[in-house]
*Asks:* 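Pasting a structure below so you can have a look.
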Amino acid sequence: MEDINRLVKQRIEKYDAMKTEMGVAHFPNTYRKDTDVSAFTELYQAHGHDELLEVKTLHHMTGRIMAMRSFGKAAFIHFQDATGTLQAFFEKAKLGDEPYSLFKKLDIGDIIGLWGTPIKTRTGELSVYVQGFELLTKSFRPLPEKWHGLKDVDTRYRQRYVDLMVTPEVKQTFLLRTRIISRLRAYMDSHGFIEVETPMMQPIAGGATAKPFLTHHNALDMDLYLRIAPELYLKRLLVGGFERVYEINRNFRNEGLSTRHNPEFTMMEFYRAYADYTDLMRFTEDMVSSIARDVLGTEVITYQGTTIDLSTPWKRYTLKDATVEVGGVPREIMENRDKAVAFCKERGFDVTGSETLGELQLVLFEQTTEDKLTGPVFVTSYPTEVSPLSRKNNEDPSIVDRFELFIAGREIANAFSELNDPFDQRERFAGQLEKKEGPSEMDEDYIRALEYGMPPAAGEGIGIDRLIMLLTDSPSIRDVILFPLLRKGEVS
RNA sequence: GAGCCAGUAGCUCAGCCGGUAGAGCAUCGGACUUUUAAUCCGGUGGCCGAGGGUUCGAACCCCUCCUGGCUCACCA
């Protein structure tokens, strides 16, 4: 506490005085509660004033003082535990002179243990009629104002603990996050998938095209990358004989930050043998809509003012059709390389002119169509050149058996029938190396694994943070990550 | 990485055309035994993000930097 201001100093002095003059214990850890706020509320909410007068059960509770309204010889406080907020009534006549004067010295933010019986106040608010209390943890820093709360975004992210204390919606969002992920796991488990963990530190950062973070292992004197995707390891597990695997964990990408990008983000990847990408479309729509139903109680959600209906089945478009019908790009431009180049340059899209038709189609789709896909919509038939790990389509080898899922104009999932031909895979890796896209080294071991034989399979990655943004109506990815990455900065 | 916007008391915010810093809440003291942003009376509290410049004089104008937000780029 270098920046001790007068409010902090005041509280330190007050605490010292309480310990020396009033016999208050120093950060005690012996108090035990027997009732949570939510349990207390459930137990007594429905009962009337007179009924509660008959209740003699003493409830031991804990919480942080969030508000105090004090009169001469009585006072009300609101205190908060993990399950909710409750009012408590302190009375000098009940507590005695000394305990009451100790109570008067408590501050907003202090954590106390208290015991008492239920009462309904004159205004009908369920409260604890306090018989006794104990200061458990002194709070030395003042909490933000009760009415406006904590608004400063910088402080909210840097001092999330304060944000969580005083902003109920934030707490709610993160509780929802936990519930969504827990439902997701339950869904996967009940469909025969096993959860696995694969390396976060990888000698070759494969499975996606993104800049990796570099780190170093001293004892082995070996450079390692933080993974950008678990994909190649999960598929090795299909080779090994697991037929349904998934992993929910962090990926790290050394790219820019935005409302949709945090350098470390959570992704679920799963792989299913003897299935193709069309199976995964059905699987995905059922999974997401059922999680929405379980967690939010509805399949119709509102994201930033837009209503989105998640009920199945979801619309499907080829990339070309979507770009023509939703993006308004003339079909002949999507089908002719030279026209596409001219069109892109005219619109100021970032192209060099040496791109293939497939690469241009992706540019056109991303520039004109993506953010218009309120969805949910599956976009299929991606060009082969932009999909190095996907299986080629049987009828048309220029496209792959792949889809991306768009909701609210954002990519939520990416899935494809897996490429399991080791010779084709080697060629695609070689092509990437030549263009200096993706890893700087061929993952020979992955190709060797394919040479042993990987069953036909489909795999998918779902951006968990983005899914949670959607289901919690959060505008920024930082609102669904407890401690988003920020520059080193002084905390006020 | 680029552009735009913001940073004033613990918190939320005012502060006009450059004239020496304000409110509410919190805090401290006093009154008050059923309040709900309790009320009433009185007080304390500021490196105006940091550094430089212009000026008789800067929270305000100019420059640099720091931090954050939004948009764009790379990416999911």
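A quick note: this is a predicted structure, and the numbers were derived from the prediction, not measured. Numbers restart at 1 for each chain; the letters A, B, ... are given by sequence-line order, proteins then strands.
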*Asks:* Please list all pairs meeting side-chain hydrogen bond (donor to acceptor under 3.5 Å, both in side chains) that have one or both residues in residues 367-380 of chain A, counting only residues at least two apart or in different chains.
*Replies:*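 Those involving residues 367-380 of chain A do not exist here.
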*Asks:* Report yes if at least one side-chain N or O of Arg141(A) is closer than 4.0 Å to OP1 or OP2 of G10(B); otherwise report no.
*Replies:*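 Looking at the OP1 and OP2 atoms of G10(B), neither is under 4.0 Å from any side-chain N or O of Arg141(A).
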*Asks:* Which residue pairs pass the side-chain hydrogen bond (donor to acceptor under 3.5 Å, both in side chains) test when at least one of the two sits in residues 63-78 of chain A, sequence neighbours left out?
*Replies:*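 side-chain hydrogen bond (donor to acceptor under 3.5 Å, both in side chains) check on residues 63-78 of chain A returns Arg69(A)-His78(A), Arg69(A)-Gln87(A), Ser70(A)-Lys104(A), His78(A)-Glu125(A).
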*Asks:* List for me each residue that meets side-chain hydrogen bond (donor to acceptor under 3.5 Å, both in side chains) alongside Asp16(A), sequence neighbours excluded, and say none if there are none.
*Replies:*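 side-chain hydrogen bond (donor to acceptor under 3.5 Å, both in side chains) list for Asp16(A), sorted by chain: empty.
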*Asks:* Side-chain N or O of Arg487(A) less than 4.0 angstrom from OP1 or OP2 on G68(B)?
*Replies:*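 Yes.
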*Asks:* Distance between the P atoms of A73(B) and G19(B), in whole angstroms?
*Replies:*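 Per the computed distance, 43 Å lies between those P atoms.
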*Asks:* Of the candidate nucleotides G68(B), A76(B), C74(B), which contains the atom at the shortest distance from the side chain of Arg158(A)?
*Replies:*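 Of G68(B), A76(B), C74(B), G68(B) is nearest to the side chain of Arg158(A).
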*Asks:* Provide the full list of salt bridge (Lys or Arg N to Asp or Glu O under 4.0 Å) pairs with a residue in residues 113-124 of chain A, sequence neighbours left out, each pair given once.
*Replies:*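 For residues 113-124 of chain A: none.
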*Asks:* Between Asp443(A) and Arg236(A), does at least one N-O distance fall below 4.0 Å, as a salt bridge requires?
*Replies:*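 A salt bridge links Asp443(A) with Arg236(A).
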*Asks:* Contact class for Arg156(A) vs. all strands (heavy atom < 4.0 Å): base, sugar-phosphate, or nothing?
*Replies:*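 No contact.
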*Asks:* What salt bridge (Lys or Arg N to Asp or Glu O under 4.0 Å) pairs are there with at least one residue in residues 251-272 of chain A, not counting sequence neighbours?
*Replies:*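 Non-adjacent pairs meeting salt bridge (Lys or Arg N to Asp or Glu O under 4.0 Å): Lys211(A)-Glu255(A), Arg250(A)-Glu264(A).
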*Asks:* What's touching nucleotides 25-28 of chain B from the protein side, N or O pairs under 3.5 Å?
*Replies:*
{"from": "A26(B)", "atom 1": "OP1", "to": "Lys146(A)", "atom 2": "NZ", "distance (Å)": "3.1"}
{"from": "U27(B)", "atom 1": "O2'", "to": "Gln10(A)", "atom 2": "OE1", "distance (Å)": "2.2"}
{"from": "U27(B)", "atom 1": "O2'", "to": "Gln10(A)", "atom 2": "NE2", "distance (Å)": "3.3"}
{"from": "C28(B)", "atom 1": "OP1", "to": "Lys14(A)", "atom 2": "NZ", "distance (Å)": "2.6"}

*Asks:* Please identify each residue that fulfils salt bridge (charged side-chain N to carboxylate O under 4.0 Å, His left out) with Glu418(A), with sequence neighbours left out.
*Replies:*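 Glu418(A): salt bridge (charged side-chain N to carboxylate O under 4.0 Å, His left out) contacts with Lys235(A).
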*Asks:* Could you tell me how far G69(B) sits from U64(B) if I compare only their P atoms? Round to whole Å.
*Replies:*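 It works out to 22 Å between them.
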*Asks:* Using the test side-chain hydrogen bond (donor to acceptor under 3.5 Å, both in side chains), find all partners of Tyr303(A) that sit at least two apart in sequence or belong to another chain.
*Replies:*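 Here the qualifying residues are Arg410(A).
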*Asks:* May I ask you to decide whether Glu21(A) forms a salt bridge with Lys105(A), counting only side-chain N to carboxylate O separations under 4.0 Å?
*Replies:*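 No, Glu21(A) and Lys105(A) are not salt-bridged.
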*Asks:* Rounding to the closest angstrom, what is the interatomic distance between A9(B) and G24(B) at atom C1'?
*Replies:*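 That atom pair is separated by 12 Å.
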*Asks:* Pull out every protein N or O sitting under 3.5 Å from an N or O of nucleotides 32-35 of chain B, one pair per line with the distance.
*Replies:*
{"from": "C32(B)", "atom 1": "N3", "to": "Gly72(A)", "atom 2": "N", "distance (Å)": "3.4"}
{"from": "U33(B)", "atom 1": "OP2", "to": "Lys73(A)", "atom 2": "N", "distance (Å)": "3.4"}
{"from": "U33(B)", "atom 1": "O2", "to": "Glu91(A)", "atom 2": "OE2", "distance (Å)": "3.0"}
{"from": "U34(B)", "atom 1": "O2'", "to": "Arg122(A)", "atom 2": "NE", "distance (Å)": "2.8"}
{"from": "U34(B)", "atom 1": "O2'", "to": "Arg122(A)", "atom 2": "NH1", "distance (Å)": "3.0"}
{"from": "U34(B)", "atom 1": "O2", "to": "Arg122(A)", "atom 2": "N", "distance (Å)": "2.7"}
{"from": "U35(B)", "atom 1": "O2'", "to": "Arg69(A)", "atom 2": "NE", "distance (Å)": "3.4"}
{"from": "U35(B)", "atom 1": "O2", "to": "Arg69(A)", "atom 2": "NE", "distance (Å)": "2.6"}
{"from": "U35(B)", "atom 1": "O2", "to": "Arg69(A)", "atom 2": "NH2", "distance (Å)": "2.9"}
{"from": "U35(B)", "atom 1": "O2", "to": "Gln87(A)", "atom 2": "OE1", "distance (Å)": "3.3"}
{"from": "U35(B)", "atom 1": "N3", "to": "Gln87(A)", "atom 2": "OE1", "distance (Å)": "2.9"}
{"from": "U35(B)", "atom 1": "N3", "to": "Gln87(A)", "atom 2": "NE2", "distance (Å)": "3.1"}
{"from": "U35(B)", "atom 1": "O4", "to": "Gln87(A)", "atom 2": "NE2", "distance (Å)": "2.6"}
{"from": "U35(B)", "atom 1": "O4", "to": "Thr121(A)", "atom 2": "OG1", "distance (Å)": "2.7"}

*Asks:* Remember a base hit wins even if backbone is also touched, and classify Gly463(A) as base, sugar-phosphate or nothing at under 4.0 Å, heavy atoms.
*Replies:*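 Touches nothing.
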*Asks:* Side chain of Arg260(A): nearest nucleotide among G69(B), C72(B), A76(B)?
*Replies:*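 Out of G69(B), C72(B), A76(B), the nucleotide with an atom closest to Arg260(A)'s side chain is C72(B).
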*Asks:* For Phe133(A), give me all partners under ring pair (Phe, Tyr, Trp, His ring centres under 6.0 Å), at least two apart in sequence or on another chain.
*Replies:*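 Here the qualifying residues are Phe90(A).
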*Asks:* If you check every side-chain atom of Thr259(A), which of U71(B), A76(B), G68(B) has the closest atom?
*Replies:*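 Side chain of Thr259(A) sits closest to U71(B).
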*Asks:* Distance check, P atoms only: U33(B) and C16(B), in whole angstrom units.
*Replies:*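 About 45 Å, rounded to a whole number of Å.
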*Asks:* Counting only heavy atoms and a strict 4.0 angstrom limit, can you tell me which residues of residues 204-213 of chain A come near RNA chain B?
*Replies:*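 When residues 204-213 of chain A is checked for heavy atoms under 4.0 Å from RNA chain B, the hits, listed by number, are Thr209(A), Lys211(A).
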*Asks:* Suppose the criterion is salt bridge (Lys or Arg N to Asp or Glu O under 4.0 Å): which pairs have a residue in residues 352-369 of chain A, not counting sequence neighbours?
*Replies:*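 Residue pairs with at least one partner in residues 352-369 of chain A: Glu359(A)-Lys435(A).
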*Asks:* In whole Å, measure the gap between the C1' atoms of G15(B) and G22(B) for me.
*Replies:*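 These two C1' atoms come out 7 Å apart once rounded.
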*Asks:* Please classify the nucleic acid contact of Ile412(A) as base, sugar-phosphate, or nothing, using heavy-atom distances under 4.0 Å.
*Replies:*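 Here Ile412(A) touches no strand at all.
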